[in-house]
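Everything below concerns the one structure shown next.
Throughout, protein chains are lettered first and strands after them, A, B, ... in sequence-line order, and every chain is numbered starting at 1.
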Amino acid sequence: MTEFRSDFLRLLQTRGQLHQVTDEAALDAALLENRITGYIGFDCTGPSLHVGSLVQIMTLRRLQQTGHKPIVVMGGGTTKIGDPSGKDEMRQVLSAEVIESNKQKILGTFARFLSFGDGPSDAIMVDNADWLDQLSYIPFLRDIGRHFSVNRMLTMDSVKLRLDRDAPLSFLEFNYMILQAYDFVELYRRFGCRLQCGGSDQWGNIVAGIDLARRVADAELFGVTSPLITTSSGTKMGKTAAGAVWLNPELRSPYDYWQFWRNTDDGDVGRFLRLFTDLPEPEIQRLEKLQGAELNDAKKILATEATALCHGRAAAEEAFETARRTFEEGVLAEGLPSFEVESSRLKAGIPVATLAHLAGLVRSSSDARRSIQGGGLRLNDVAVSDVRAMATLGDLKDGVIKLSLGKKNHILIKPI
RNA sequence: GGGGGAGUGUCCCGAGCGGCAAAGGGGGCGGACUGUAAAUCCGCUGGCGCAGCCUUCGUAGGUUCGAGUCCUACCUCCCCCA
């Protein structure tokens, strides 16, 4: 493996987030000599980023930690196109309003991981709609489009995979690569940005930008990709059937976020500590050596550290404490998610199945009924045996009713 | 423009002679075993205050006692020819 001299590349390497580099020696040298400005683009396809973007966010964080300048590029423009990389289906075309609203909701997450400002290594955030929306078709084709060979584009993985699988690929999406390449050039011109990072699926797009820059701006730009992070059981990180693991606290509470990390597979603990926390290497080596049940201590540290980065230290400690009381002491913990019902409804009595549905513990009341039949639903830690069981004011204990689904999902029902 | 093929349970893949809430996987959830892990075994995986009722197979009509299944039109996608 290459011995890097620059702090940034060395850090990425020890942290396990380095996959490919375009021109290792030249980039390594450039990083040693100067403060480098680097960017990663994020699409605004949803109201929050999820854990799948975390490696990229951490890459920017590490860029900043090693003295360089990160640019967060919000894909306000490119989201209107839709990146075909790694997708089988044609992207839905999102409206401009939705994209803008998504963008606003995503901003806060970055402020947690990066420090923004006017200083030399402070992060900045830009929206590629600022320049992409202004483009005129014919001039763009003549100035930029001429440098792209369709023959070559057809061989790019993002395109080829679609074609090979007989999956639809619209001309709109086909252009994504060109626009992302143009982004890189534009960022170079505006901010002197010379580095683009991204997931391994972005390699083609990144290289396209580097090629374009050489042709139209006579510039030498660099690209770094990180590996696709999978869990040791082989699934893609951060995509559960229950939904993506959101970084935005409104979509996933810090407590649930903490739980996500707490439930990491044994085999992933060391890798995830390196990728998703700032803990020093010797500490990680100590933690990942723990055996059997002791490894749980490492998972708790992973959970707290990862949550602290995303939601702040206080929220992480609180989540930790809530989990400790719930799982280790088996007592009622105030910090559990809660749900409010009018006490008048409770007074009249409400079916437990309906209540579990209202509280969001299950998808539907039918689902709740099934869980009851399967013995998975508990009221105040006692299994509910009758599908038609009612919850009333009499079930209040310490002013709340604790509903649980399985060992891990709890919610406190609070009368108002 | 011409010809051929496809769209199935709102997670995915995928069977489906006119009686279908619809086979089988994967994934997920729950139970047992554990360590809030993995592996394994078992159950569940449309909705409803649920012995009943209501909605699902690209969309809209039609045939029929009865349609995912047959007919017509339309939409979307794929392949071949021009």
Subject >> Rounded distance in Å between the C1' positions of B:rG68 and B:rU56 >> reply: 10 Å
Subject >> Watson-Crick or G-U wobble mate for B:rU63, both contacts under 3.5 Å >> reply: none
Original post:
Which nucleotide in the list B:rC29, B:rA37, B:rG31 gets nearest to the side chain of A:R378?
Top reply: B:rG31
**OP:** Give the minimum heavy-atom separation between A:I413 and A:A359, together with the two atoms involved.
**Re:** CD1-CB, 3.8 Å
Original post:
Between A:Y257 and A:W246, does the ring centre distance come in under 6.0 Å?
Top reply: no
**OP:** Would you mind pulling out the nucleotide paired to B:rU56, Watson-Crick or G-U wobble, both distances under 3.5 Å?
**Re:** none
Original post:
Whole Å only: how far is the NZ atom of A:K300 from the P atom of B:rG35?
Top reply: 13 Å
**OP:** In whole angstrom, give the distance that lies between atom CG of A:L377 and atom C1' of B:rG30.
**Re:** 10 Å
Subject >> B:rC44 versus B:rG49 - spacing of their P atoms, nearest Å >> reply: 22 Å
Subject >> Integer-rounded Å distance: B:rA38 P and A:R271 CZ >> reply: 15 Å
**OP:** Go through B:rA37, B:rU34, B:rU36 for me and flag the one nearest to the A:K299 side chain.
**Re:** B:rA37
Subject >> Span that lies between the C1' atom of B:rU40 and that of B:rC20, in whole angstrom >> reply: 34 Å
Original post:
What about the rings of A:F140 and A:Y182, do their centers lie closer together than 6.0 Å?
Top reply: yes
Original post:
Across all strands shown, which nucleotide pairs with B:rU10 by Watson-Crick or G-U wobble geometry, both distances under 3.5 Å?
Top reply: none
Subject >> Euclidean distance, atom OH of residue A:Y257 to atom C1' of B:rU36 [Å, nearest integer] >> reply: 18 Å
**OP:** Looking at every strand, decide which applies to A:T264 at a 4.0 Å heavy-atom threshold: base, sugar-phosphate, or nothing.
**Re:** sugar-phosphate
Subject >> 5' precedence on RNA chain B between A:R388 and A:G375 (nearest-nucleotide basis) >> reply: A:G375
Subject >> Exercise: do A:Q17 and A:R62 side chains pair donor with acceptor under 3.5 Å >> reply: yes
Subject >> Base B:rU36 to side chain A:E328, donor-acceptor N/O within 3.5 Å cut-off >> reply: no
Original post:
Which whole number of Å gives the distance between the P atom of B:rC57 and that of B:rC79?
Top reply: 28 Å
**OP:** Whole angstrom is fine here: how far is it from NZ in A:K408 over to P in B:rU34?
**Re:** 16 Å
Original post:
Looking only at atom C1', what distance separates B:rU63 and B:rC78, rounded to whole Å?
Top reply: 31 Å
Original post:
Is the centre of the A:Y39 ring less than 6.0 Å from the centre of the A:F191 ring?
Top reply: no
Original post:
In terms of base orientation, is B:rC29 syn or anti, with the syn window spanning 90° either side of 0?
Top reply: anti
Original post:
With both distances kept under 3.5 Å, what pairs with B:rC17, Watson-Crick or G-U wobble?
Top reply: none
**OP:** Looking at every strand, decide which applies to A:A323 at a 4.0 Å heavy-atom threshold: base, sugar-phosphate, or nothing.
**Re:** base
**OP:** Sticking with atom C1', work out how far B:rA67 lies from B:rG52, rounded to a whole angstrom.
**Re:** 25 Å
Subject >> Separation of B:rA38 C1' from A:L295 CG (nearest whole Å) >> reply: 11 Å
Subject >> P spacing across the pair B:rG1 / B:rC74, given as an integer number of angstrom >> reply: 13 Å
Subject >> Nearest-neighbour nucleotide for the A:L405 side chain, B:rG30, B:rU36, B:rA38 considered >> reply: B:rG30
Original post:
Is there a donor on the side chain of A:K407 or the base of B:rU34 sitting less than 3.5 Å from an acceptor on the other?
Top reply: yes
**OP:** Report the distance from atom CZ of A:F260 to atom C1' of B:rG28, rounded to the nearest whole Å.
**Re:** 15 Å
Original post:
Out of A:D130, A:D127, A:D43, which one pairs with A:K103 under the salt bridge (Lys or Arg N to Asp or Glu O under 4.0 Å) rule?
Top reply: A:D127
Subject >> Watson-Crick/G-U partner (both atom distances under 3.5 Å) of B:rU40 >> reply: B:rA32
Subject >> Complementary nucleotide for B:rG68 - Watson-Crick or wobble, under 3.5 Å >> reply: none
Subject >> Qualifying side-chain hydrogen bond (donor to acceptor under 3.5 Å, both in side chains) pairs, either residue in residues 402-416 of chain A, two or more places apart >> reply: A:N263-A:K408, A:D381-A:K402, A:S404-A:H410
Original post:
So what does A:Q373 hit on the nucleic acid, given a heavy-atom distance under 4.0 Å: a base, only sugar-phosphate, or nothing?
Top reply: nothing
Subject >> Distance, P atom - from B:rC41 to B:rG26, rounded to whole angstrom >> reply: 11 Å
**OP:** Would you mind reading off the distance between A:D265 atom CG and B:rU36 atom P, rounded to a whole angstrom?
**Re:** 15 Å
Original post:
Quick check: are there more than 12 heavy atoms from other residues, nucleotides or ligands sitting under 6.0 Å from CZ of A:R363?
Top reply: no
Original post:
Between A:S226 and A:Q56, does any side-chain donor sit less than 3.5 Å from a side-chain acceptor?
Top reply: yes
Original post:
Looking at A:N263, does any N or O in its side chain come under 4.0 Å of the phosphate oxygens OP1/OP2 on B:rG35?
Top reply: no
**OP:** Could you tell me which non-hydrogen atom of A:S371 sits nearest to which non-hydrogen atom of A:L405, and how far apart they are?
**Re:** OG-CD1, 3.6 Å
Subject >> Nucleic acid footprint by protein, nucleotides 42-49 of chain B - heavy-atom cut-off 4.0 Å, B for base, S for sugar-phosphate alone >> reply: --SS-SBB
